[in-house]
Amino acid sequence: MQLTKDAKSVLYILYKEYENRRKHNVSKSQAKSFDSAQSIQETFFPNSSLENIEDVLRELEKNNFLENFYADGTIYYCSLSDFAITTMNSQRKENLLSIADFISKFIP
């Protein structure tokens with residue numbers, strides 16, 4: 001299974017947000033849930049286009065890392081899959097410490 005660098009970056013950021021939410025006692029189901037592609041783009045990736053973020057979110061869905069829900073031709077809501085959480089949990093901590101290191105080593 002291969003992910004693009006963009007997909008790895010988005011997965012990393014969404015997972016780190018999930019972890020942060022869990023540390024603040026947010027339930028697992030709420031912590032792994034994210035709003036629309038537009039909201040994700042505006043909140044986490046303001047320097048990326050909405051079209052690119054949508055493409056990456058579809059790539060992550062295709063590889064079972066996200067569950068996307070569509071409305072009006074866009075991703076209306078998405079959620080990290082249990083597979084994504086398990087995969088990310090199994091990564092060595094050193095790999096998750098920096099995004100550059102993570103991207104270079106995660107899913108070769």
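Note that these values count all heavy atoms, side chains included, but never hydrogens, waters or copies made by symmetry.
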- Task: Work out which heavy atom in A37 is nearest to a heavy atom in I53; give both atom names and the distance.
- Result: O-CG2, 4.0 Å
- Message: Once rounded to the nearest 0.5 Å, what's the spacing between atom CG of D82 and atom CG of N89?
- Response: 10.5 Å
- Do you reckon L50 sits in the same ILVMFWY cluster as L14, going by side-chain contacts under 4.5 Å, direct or chained? no
- Task: State, with a plain yes or no, whether a side-chain heavy atom of I75 is found less than 4.5 Å away from one of R58.
- Result: yes
- Query: Within a strict 4.5 Å, meaning less than it, do heavy atoms of the L3 and N63 side chains meet?
  - Reply: yes
- Would a 4.5 Å heavy-atom cut-off, applied to side chains only, mark L80 and L11 as touching? yes
- Item | Distance (rounded to the nearest 0.5 Å) between L60 CG and C78 SG | 8.5 Å
- S81 side chain to F65 main-chain N or O, any donor-acceptor pair under 3.5 Å? yes
- Message: Under a 3.5 Å distance rule, please check whether E59 uses its side chain to pair with a backbone N or O of T4 as donor and acceptor.
- Response: yes
- Atom CD in E42, atom CD1 in I40: separation rounded to 0.5 Å? 11.0 Å
- Side-chain touch Y18/K28, heavy atoms, less than 4.5 angstrom: yes
- Query: If you group Ile, Leu, Val, Met, Phe, Trp and Tyr by side-chain heavy-atom gaps below 4.5 Å, do V26 and M88 land in one group?
  - Reply: no
- Where does the angle between the aromatic ring planes of Y77 and F69 fall among parallel (under 30°), tilted (30 to 60°) and perpendicular (over 60°)? tilted
- Query: Of all heavy-atom pairs between R21 and Q30, which one has the smallest distance, and what is that distance?
  - Reply: NH1-O, 3.5 Å
- Message: Any side-chain to backbone donor/acceptor pair from N68 onto L57? Under 3.5 Å, distance only.
- Response: yes
- Query: Step by step, would you call F45 with I13 a side-chain contact (heavy atoms from CB on, under 4.5 Å)?
  - Reply: CA-CA 9 Å; F45 307 100; I13 296 298; 3.7 Å; yes
- Item | Spacing of I85 atom CD1 and E19 atom CD [to the nearest 0.5 Å] | 10.0 Å
- Query: Can you tell me if S49 and N52 form a side-chain donor-acceptor pair at under 3.5 Å?
  - Reply: yes
- Task: Flag the pair N20 / E17 as yes when at least one side-chain heavy-atom distance between them is below 4.5 Å, and no otherwise.
- Result: yes
- Atom pair CG/NZ of N25 and K23 - distance to nearest 0.5 Å: 12.0 Å
- Item | Backbone N/O of K32 and side chain of R22: donor-acceptor pair under 3.5 Å | no
- Main-chain N/O of S29 paired with S33 side-chain donor or acceptor, under 3.5 Å: yes
- Rounded to the nearest 0.5 Å, what separation is found between the CZ atom of F34 and the OG1 atom of T43? 10.0 Å
- Message: Given 3.5 Å as the limit, does a donor-acceptor pair link the side chain of S90 with the main chain of T87, or not?
- Response: yes
